[in-house]
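One structure below.
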2 protein chains.
Amino acid sequence: MSSASPDTRTKILQATWRLMEQQPGQGVRMSDIARAAGISRQAVYLHFPARVDLLISTTQYVDQVLDVDGRLAPVRNAATGIEQMDRLIAFWGDHVEKIYGVARALLAMRETDAAAASAWDERMSAVRDGCRSVFEALLRDRQLSDDWSVETATDMLWAMLSVRTWEQLTAECGWSADDYVERMQLQARLTFVKV
Amino acid sequence: MSSASPDTRTKILQATWRLMEQQPGQGVRMSDIARAAGISRQAVYLHFPARVDLLISTTQYVDQVLDVDGRLAPVRNAATGIEQMDRLIAFWGDHVEKIYGVARALLAMRETDAAAASAWDERMSAVRDGCRSVFEALLRDRQLSDDWSVETATDMLWAMLSVRTWEQLTAECGWSADDYVERMQLQARLTFVKV
DNA sequence: GCGCTACTTGACACCATGTCAAGTGCAAGC
DNA sequence: GCTTGCACTTGACATGGTGTCAAGTAGCGC
């Protein structure tokens with residue numbers, strides 16, 4: 001599948017990414033993607049059986065190109081829980097900005113399509129693990145506020161970091177990427193760190 | 001329009017509400033609504049020119065039936081900023097639960113439809129006003145943390161209170177309505193109130 | 001009985017996704 | 001040089017939901 005015709009397949013993935021960045025989400029049709037990739041609409045279906053598969057593959061492609069694993073290293077290597085929390089938020093603010101177009105398309109599809117839903121949920125559960133790891137570290141440091149358990153704090157931070165919340169704060173409140181990171185870090189510290 | 005045939009129109013609005021509660025959002029088709037209301041699909045179009053109009057009218061109908069204005073009185077009459085904040089969050093947690101089905105449908109439509117988008121945004125901007133009013137009161141009480149301006153605090157609380165965040169915390173994290181209210185109040189106090 | 005109104009019935013256009021079948025062009029292997 | 005296979009093209013078609021159109025019907029006030 002991926003080795004058979006990497007060229008065209010990659011062209012499709014790149015075209016999808018590009019178009020979704022330009023007009024995030026729903027507006028992008030299979031025929032738009034085909035035209036942008038310079039091939040016929042049907043050729044897209046030779047590589048991806050359905051729209052949802054293309055979307056899922058595109059998110060994987062994007063992650064790979066952006067080297068998510070590499071950029072997560074500083075988060076994992078943080079010395080303290082607070083540092084880990086700050087770095088996770090900083091990474092995430094930066095990352096969401098880059099994946100937003102594709103993320104929004106997948107998110108829209110999630111409402112109706114089971115495959116899209118589970119692909120999305122799987123990715124988000126990785127973020128959730130990142131949040132939990134922060135609070136486990138914070139607990140070890142004896143810096144987790146008594147008001148929160150690891151679980152409830154994880155839920156809350158995970159919700160704060162949702163793509164929808166990022167979308168609202170940047171698109172509707174006009175926050176810059178820096179505003180987002182700075183204020184989320186502030187709120188997280190005020191909320192979860194023992195005073 | 002509303003005086004011409006209140007009976008059928010109301011039957012349609014009630015059927016829409018009911019169906020959207022049962023299976024929130026997208027899955028509800030015009031023909032489902034017609035069947036549930038006991039009329040033909042075309043009769044629905046006699047009352048609502050398009051799906052989006054029906055959705056918007058349904059949210060208005062729901063607000064009216066739930067007496068939103070009346071239930072907001074305690075929020076407005078709060079003695080202190082902190083009390084106002086707690087009451088706003090309590091009202092909202094309770095309210096979102098009731099409107100969630102219709103809200104989700106409108107939210108899904110917002111992605112593609114300009115009329116749905118502006119109807120939704122208008123409602124959400126009322127929530128935003130509620131948030132701002134909280135922080136103006138808190139500022140008057142000299143209890144707004146130095147870390148936040150009225151504007152940035154408004155943005156942040158508004159984002160925390162988004163329907164999507166409520167959805168994530170209740171549906172995916174399994175929070176009860178009480179959990180939601182209690183923890184949101186806690187986070188808001190920790191974040192925005194001067195220590 | 002007349003005419004108005006609300007509603008029904010059934011056909012149809014539209015648009016995006018996804019399927020199917022036949023055809024083309026190119027390159028590797030004999 | 002010819003065949004075989006593969007990636008892709010072309011064009012037609014099914015599906016499902018929204019929205020439109022036109023003709024017909026049932027009930028009600030006059």
Side-chain angles (χ1 to χ4, degrees), chain A residues 1-16 19-20 23-58 102 104-117 119, chain B residues 1-16 19-20 23-58 102 104-117 119:
Chain A
M1 205 196 280
S2 71
S3 62
S5 69
D7 256 8
T8 301
R9 189 174 192 275
T10 304
K11 264 196 290 182
I12 296 171
L13 293 170
Q14 286 169 346
T16 306
L19 289 181
M20 302 253 169
Q23 38 166 323
Q26 77 304 337
V28 180
R29 289 158 301 192
M30 295 299 271
S31 53
D32 296 329
I33 292 166
R35 194 167 347 105
I39 58 173
S40 69
R41 189 172 71 89
Q42 280 57 28
V44 179
Y45 285 98
L46 293 178
H47 293 270
F48 306 95
R51 189 182 143 86
V52 61
D53 301 294
L54 172 55
L55 251 55
I56 293 171
S57 295
T58 304
V102 186
R104 184 168 157 171
L106 198 54
L107 218 30
M109 203 132 195
R110 190 183 112 104
E111 309 272 310
T112 50
D113 186 291
Chain B
M1 204 197 280
S2 71
S3 63
S5 70
D7 256 7
T8 301
R9 189 174 192 274
T10 304
K11 265 194 290 183
I12 297 171
L13 293 171
Q14 286 168 346
T16 307
L19 289 180
M20 301 253 168
Q23 40 166 320
Q26 79 301 340
V28 180
R29 289 158 300 191
M30 295 298 271
S31 52
D32 297 329
I33 293 167
R35 191 163 355 101
I39 58 173
S40 69
R41 191 172 69 92
Q42 281 57 30
V44 179
Y45 285 99
L46 292 177
H47 292 271
F48 305 96
R51 190 181 142 86
V52 60
D53 301 294
L54 172 55
L55 251 55
I56 293 171
S57 294
T58 304
V102 185
R104 184 167 158 172
L106 198 54
L107 218 32
M109 201 134 198
R110 189 183 112 105
E111 310 273 308
T112 50
D113 186 291

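Proteins come first, then strands; the chains are lettered A, B, ... in the order of their sequence lines, and each starts at number 1. No experiment lies behind these values; they were computed from the predicted model shown.
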If I take atom CZ in residue A:R9 and atom P in nucleotide D:dC8, what distance separates them, rounded to the nearest angstrom? 12 Å
NE2/A:H47 to OG/A:S57 distance, rounded to the nearest 0.5 angstrom? 11.5 Å
Given C:dG18, D:dA7, C:dT9, the nucleotide with the shortest approach to the side chain of A:T8: D:dA7
Atom-to-atom span, CG of A:D32 to P of C:dA16 - whole angstrom: 8 Å
Taking CG from B:L55 and P from D:dT18, how many angstroms apart are they, rounded to a whole number? 11 Å
For the helix from C:dG1-D:dC30 to C:dC30-D:dG1, what is the angle between the axes at its two ends, each from 5 pairs, rounded to 10°? 20°
Note: B:I12 and B:V44 closest approach over all heavy atoms is CD1-CA, 4.0 Å
Please enumerate all residues that pass salt bridge (Lys or Arg N to Asp or Glu O under 4.0 Å) together with A:D32, with sequence neighbours excluded. A:R29, A:R35
How close or far is atom P of C:dA6 from atom CD1 of B:I12, stated in whole angstroms? 12 Å
For atom CZ of B:R51 and atom P of D:dG16, their distance in whole Å: 17 Å
Which of these nucleotides, C:dA16, D:dT9, D:dT18, is closest to any side-chain atom of A:R29? C:dA16
Scan nucleotides 19-28 of chain C against the protein and return all N/O pairs shorter than 3.5 Å with their distances rounded to 0.1 Å.
{"residue": "C:dT19", "atom": "O4", "partner": "A:Q42", "partner atom": "NE2", "Å": "3.1"}

Please round to the nearest 0.5 Å and tell me the distance separating atom CD1 of A:I33 and atom CE of A:M20. 4.5 Å
Non-neighbouring partners of A:A43 that pass side chain to side chain contact (heavy atoms under 4.5 Å, CB included), sequence neighbours left out: A:I39, A:S40
Heavy atoms under 4.0 Å, any strand shown: does A:I39 hit a base, just sugar-phosphate, or nothing? sugar-phosphate
Taking all non-hydrogen atoms of both residues, which atom of A:K11 and which atom of A:A37 are closest, and how far apart? CD-O, 3.8 Å
Could you work out, with side-chain hydrogen bond (donor to acceptor under 3.5 Å, both in side chains) as the rule, every residue matching A:Q14, not counting sequence neighbours? A:Y61
Give the rounded distance in Å between these two atoms: CE of A:M30 and P of D:dT9. 14 Å
Length of the line joining A:D113:CG and C:dT17:C1', which is rounded to integer Å: 12 Å
Within the structure, does a side-chain N or O atom of A:H47 lie under 4.0 Å from either OP1 or OP2 of D:dA7? no
Measure the spacing between CE of B:M30 and CD of B:Q42 and express it to the nearest 0.5 Å. 9.5 Å
Any chance you could measure B:L106, atom CG, to B:I56, atom CD1, to the nearest 0.5 Å? 6.0 Å
Nearest whole Å is fine: how far is D:dT9 C1' from A:R35 CZ? 16 Å
